[in-house]
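Let me begin by presenting the structure, written as structure tokens, before commenting on it.
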2 protein chains.
Amino acid sequence: MATKKNIKISCAFCASKKDSLFSDLNKDDLESLDIHKSCIMYKKGQTLYYEGTRPMGLFCLNSGKVKVYKITSDGKEQILNLAKAGDFIGYRALISEEFYNASATVIEEGAICYIPKADFLSILNNNPRFFKRMMQRLCDDLGIMEQKLVTIAQKSVRERLAATLLMLKESYGLEGEENSTLIDIALSREDLANIIGTATETVIRLLSEFKNQELISLQGKKIKVLDPQGLVKEADFYGI
Amino acid sequence: MATKKNIKISCAFCASKKDSLFSDLNKDDLESLDIHKSCIMYKKGQTLYYEGTRPMGLFCLNSGKVKVYKITSDGKEQILNLAKAGDFIGYRALISEEFYNASATVIEEGAICYIPKADFLSILNNNPRFFKRMMQRLCDDLGIMEQKLVTIAQKSVRERLAATLLMLKESYGLEGEENSTLIDIALSREDLANIIGTATETVIRLLSEFKNQELISLQGKKIKVLDPQGLVKEADFYGI
DNA sequence: CGCAAAATATGATTTATGTCATATGGGCTG
DNA sequence: CAGCCCATATGACATAAATCATATTTTGCG
């Protein structure tokens, strides 16, 4: 295995910080983050942490994409969250001082920073503004998770797939010609199935149907949304 | 409609407080809660709040039981949470200053206190210990919700029902003779279906099967768990 | 107390989705 | 650049669960 090169990325000048939780930290706090921070390149497939292990710090994506997931007793994977540049992951276990209850694996390579637990908790405890911000984030996460639960519990696989495509379009959409939007994230059909909670074959089949209905187009792995309104109709609601 | 009688229940002496979030507030904070608090009896079927409305305070159950649920666009109900004596509900919307994104309805009558938003937020903002406690609670809620999502997404209805019965046994179990445990909460088969995310008939059928397997016994609405280990086997894991 | 309405129970049938099998294609590695 | 492997694709079939229908029992109400 090659030696991992530590990349120098300053939180104070990190472009990904723009809309992250760190976005309104003051200069001192941001500089204190840099002191013990490490920042390395991760390749696709590398795992940041495993469910059941103890968090020692906070991961912050400077670039790349990560999936956060749980594995059931019978070996099935359920993706709980996707993270992209600017996103934190693993903060909940850190805050509540528990073991991770999900795993995180890189799905698109990128630079990921790691802030030691002590530094993160120090800011959390000494900066009430940041503490509040974190609390707000947890509230948001909870709301999102509740909505996902309802969708998975009450909607058909077809509806969930349509809703998921719309959600992915929001988060990863690249505008193309003729109103088409490329979903710019390297998700396999299996990953997609593991977001929705269904079988890989079912996703493949339904994507084919959506293609035949000219709601989407498929160029290999990547999916392009042609008719978002049509998908909204299929989803019978908006947002998974 | 009868006039609602305001019951005098002091937070400082509330028996239900024992294991609530208020359990380690100091005397002054507890007394400040009492000043503007109201406490009235709610009957089965009464709704505490509706999704989409603005929270004006915090509900705290002195007694009785409440279901918290969302209604989908096509009118199906998904129960997110059940609350009993000592439980708070609606704190997330209050903290994040948003509209409720679920509704709450009484399923067993009881006395429910209502603490105005300002009083709750005042304690939250002035008592860092309580703030921390709240944050911890949100973390726990999030973990629970994630686990529920995984279960609903990846487990069969049969497994989910078994898991739900075990969960209900933990929260509402009354030990009876011969190792049997009565699940002491007035849930209809429909409610049960709306926890699990399935059709009422399916719940009824599966309960019959579990009865035939002598895992449970049915006396009208109420369910008695006879063989928890058998249910664990059916659930293939523990805890929904 | 008796009736109506709702909840529970069970059967018959349909359907969406899972599973298994096999073919095809794209991309990575030596 | 070739070959292999994994992802995608599609078909055939199995099945869990939804839906619709109809008893039967329980509950609440006047």
Side-chain angles (χ1 to χ4, degrees), chain A residues 2 43-45 67 72 74-78 107-109 151-162 164 183 185-212 216-224 234-236, chain B residues 1-2 43-46 67 72 74-78 106-109 151-164 183 185-212 216-224 234-236:
Chain A
K43 286 203 289 267
K44 179 176 173 160
K67 66 175 174 182
T72 63
D74 41 341
K76 293 188 202 160
E77 172 179 310
Q78 177 63 38
I107 56 173
E108 279 183 30
E109 67 162 16
T151 302
I152 289 189
Q154 302 289 352
K155 297 287 180 174
S156 70
V157 171
R158 187 190 187 83
E159 289 170 320
R160 284 183 259 158
L161 177 59
T164 301
I183 293 178
I185 178 173
L187 284 178
S188 66
R189 304 294 136 102
E190 191 181 358
D191 286 330
L192 214 38
N194 293 342
I195 293 172
I196 292 164
T198 188
T200 307
E201 295 94 323
T202 303
V203 166
I204 291 171
R205 246 180 271 275
L206 288 172
L207 286 176
S208 288
E209 286 184 32
F210 287 166
K211 191 180 79 173
N212 291 336
I216 62 173
S217 74
L218 303 172
Q219 28 241 294
K221 260 183 159 43
K222 290 287 176 85
I223 298 166
K224 201 177 262 187
E234 289 290 343
D236 184 36
Chain B
M1 191 176 290
K43 287 203 290 269
K44 179 175 174 162
Q46 288 188 294
K67 66 175 174 183
T72 64
D74 42 341
K76 293 189 204 161
E77 172 180 310
Q78 176 65 37
V106 175
I107 55 173
E108 280 183 29
E109 66 161 17
T151 302
I152 289 189
Q154 302 288 352
K155 298 287 180 174
S156 70
V157 171
R158 188 190 186 84
E159 289 170 319
R160 285 184 258 158
L161 177 59
T164 300
I183 292 177
I185 177 172
L187 285 179
S188 68
R189 303 296 135 100
E190 193 181 356
D191 287 330
L192 214 38
N194 294 342
I195 293 173
I196 292 164
T198 189
T200 308
E201 296 94 320
T202 303
V203 166
I204 291 171
R205 248 179 270 274
L206 288 172
L207 285 177
S208 288
E209 286 184 32
F210 286 167
K211 190 180 82 173
N212 291 337
I216 60 173
S217 73
L218 303 172
Q219 28 242 294
K221 261 182 158 45
K222 290 288 176 82
I223 298 166
K224 201 178 261 185
E234 289 290 344
D236 184 34

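In the text below, chain A, chain B and the rest are named by the order of the sequence lines, each starting its count at 1.
- Rounded to an integer number of Å, the gap from CD1 of B:Ile204 to P of D:dC20 is 16 Å.
- Between A:Gln154 atom CD and D:dT19 atom P there is a gap of 10 Å when expressed in whole angstrom units.
- What you find for A:Ser217 and A:Lys211 is that their closest heavy atoms are CA-CG, 4.4 Å.
- Remark: C1' of D:dA18 and CD1 of B:Ile196 are 15 Å apart, rounded to the nearest angstrom.
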Result block: side-chain N/O donor-acceptor pairs under 3.5 angstrom for residues 197-207 of chain A, not counting sequence neighbours:
none

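- The side chain to side chain contact (heavy atoms under 4.5 Å, CB included) search around B:Lys44 returns none, not counting sequence neighbours.
- Rounding to whole angstrom units, CG of residue A:Leu192 and P of D:dA9 are separated by 11 Å.
- The line from CG of A:Asp74 to CD of B:Glu159 is 6.5 Å long, rounded to the nearest 0.5 Å.
- For the pair B:Leu218 CG and D:dT26 P, the computed distance is 12 Å after rounding to whole Å.
- Here A:Leu161 contributes atom CG and A:Ile196 contributes atom CD1; the two are 4.0 Å apart, rounded to the nearest 0.5 Å.
- Between C:dT8 and B:Lys221, a contact under 4.0 Å exists linking OP1 or OP2 to a side-chain N or O.
- Atom CD1 of residue B:Ile152 and atom CD of residue A:Gln154 lie 8.0 Å apart, to the nearest 0.5 angstrom.
- At the phosphate of D:dT10, OP1 or OP2 sits under 4.0 Å from a side-chain N or O atom of A:Ser208.
- Straight-line distance from the CG atom of B:Leu161 to the P atom of D:dA16: 16 Å, rounded to whole Å.
- Taking atom CD of B:Gln219 as the reference point, atom C1' of D:dT26 lies 15 Å away to the nearest angstrom.
- Separating the CD atom of B:Glu190 from the P atom of C:dA9 is a distance of 14 Å, rounded to the nearest angstrom.
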Identify all pairs in which a protein N or O lies below 3.5 Å from an N or O of nucleotides 12-19 of chain C, and state each distance.
{"residue": "C:dT17", "atom": "OP1", "partner": "A:Val157", "partner atom": "N", "Å": "2.7"}
{"residue": "C:dG18", "atom": "OP1", "partner": "A:Thr198", "partner atom": "OG1", "Å": "3.0"}
{"residue": "C:dG18", "atom": "OP2", "partner": "A:Thr198", "partner atom": "OG1", "Å": "2.5"}
{"residue": "C:dG18", "atom": "OP2", "partner": "A:Ala199", "partner atom": "N", "Å": "3.4"}
{"residue": "C:dG18", "atom": "OP2", "partner": "A:Thr202", "partner atom": "OG1", "Å": "2.6"}
{"residue": "C:dT19", "atom": "O4", "partner": "A:Arg205", "partner atom": "NH2", "Å": "3.0"}

